[in-house]
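Shown next, in C-alpha cells, is the structure this report addresses.
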Amino acid sequence: MPDTRALKAATRIDWSRVREENVAGGLVRRVVQTGDFTLVHYTYPPRATFKRHEHPEAQLTYIIRGEITFALGNAQQTDHILQGAFRYA
C-alpha cells in the first residue's frame, strides 16, 4: 500500500518515514503516491537483477549511488546509468 505520510506541502520526502517493502533477494522498495504521480525508491544489493517488466506510464530513474544497466526492448540493447545520472523512458 502506498504511503503518503512522508509528503509535505513542498513535496520534500522523508524516506525514513516511508514503509520499506522487501521485494525479493534483498531488493527493498518504498512507494509514495499522490493523485498526480507515484515515486518509488529502490535499494538494490550489489549485482541484483530485477524481473523484466513493462508499464504504460513514463519512468524517470535517478541513480543516487552506484550504477544500473537496463535491458531495453528485446534485451539486445542496454543502457548503463551511472551515479548522479537520470534516465527517462
Side-chain angles (χ1 to χ4, degrees):
M1 181 70 162
D3 190 339
T4 58
R5 293 175 304 151
L7 287 177
K8 303 288 183 205
T11 61
R12 179 183 169 110
I13 297 172
D14 179 355
W15 289 107
S16 68
R17 295 189 60 201
V18 180
R19 183 178 57 86
E20 287 187 349
E21 192 180 342
N22 291 308
V23 180
L27 176 65
V28 176
R29 171 173 58 201
R30 293 180 173 111
V31 179
V32 173
Q33 188 170 15
T34 72
D36 298 324
F37 67 90
T38 300
L39 184 59
V40 183
H41 180 284
Y42 285 103
T43 303
Y44 291 84
R47 291 172 290 288
T49 59
F50 195 81
K51 182 180 174 185
R52 177 177 292 281
H53 66 283
E54 296 180 18
H55 39 80
E57 68 276 354
Q59 175 178 324
L60 176 64
T61 302
Y62 176 70
I63 308 303
I64 297 170
R65 184 175 50 241
E67 55 191 80
I68 190 169
T69 300
F70 287 92
L72 308 172
N74 61 8
Q76 293 179 351
Q77 181 183 4
T78 61
D79 192 3
H80 190 76
I81 310 298
L82 301 176
Q83 178 174 318
F86 283 95
R87 180 182 186 280
Y88 177 79

[X] [atom1] to [Y] [atom2] distance, which is reported to the nearest 0.5 Å:
{"X": "His41", "Y": "Ile13", "atom1": "NE2", "atom2": "CD1", "value": "9.5 Å"}
{"X": "Glu67", "Y": "Gln83", "atom1": "CD", "atom2": "CD", "value": "9.0 Å"}
{"X": "Thr61", "Y": "Tyr88", "atom1": "OG1", "atom2": "OH", "value": "11.5 Å"}
{"X": "Asn22", "Y": "Thr43", "atom1": "CG", "atom2": "OG1", "value": "10.0 Å"}
{"X": "Thr69", "Y": "Ile81", "atom1": "OG1", "atom2": "CD1", "value": "8.0 Å"}

Minimal non-hydrogen separation, Trp15 against Arg30, with atom names
O-NE, 3.4 Å
At their closest point, which heavy atom of Gly26 faces which heavy atom of Pro45, and how far apart are they?
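The pair with the smallest heavy-atom distance is O-CD, 3.5 Å.
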Report the residue from Thr38, Val18, Val40 that forms a side-chain contact (heavy atoms from CB on, under 4.5 Å) with Val32.
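One option only clears the test, and that one is Val18.
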Taking Tyr62 as the starting point, is it possible to reach Leu60 by hopping between hydrophobic residues whose side chains are less than 4.5 Å apart?
yes
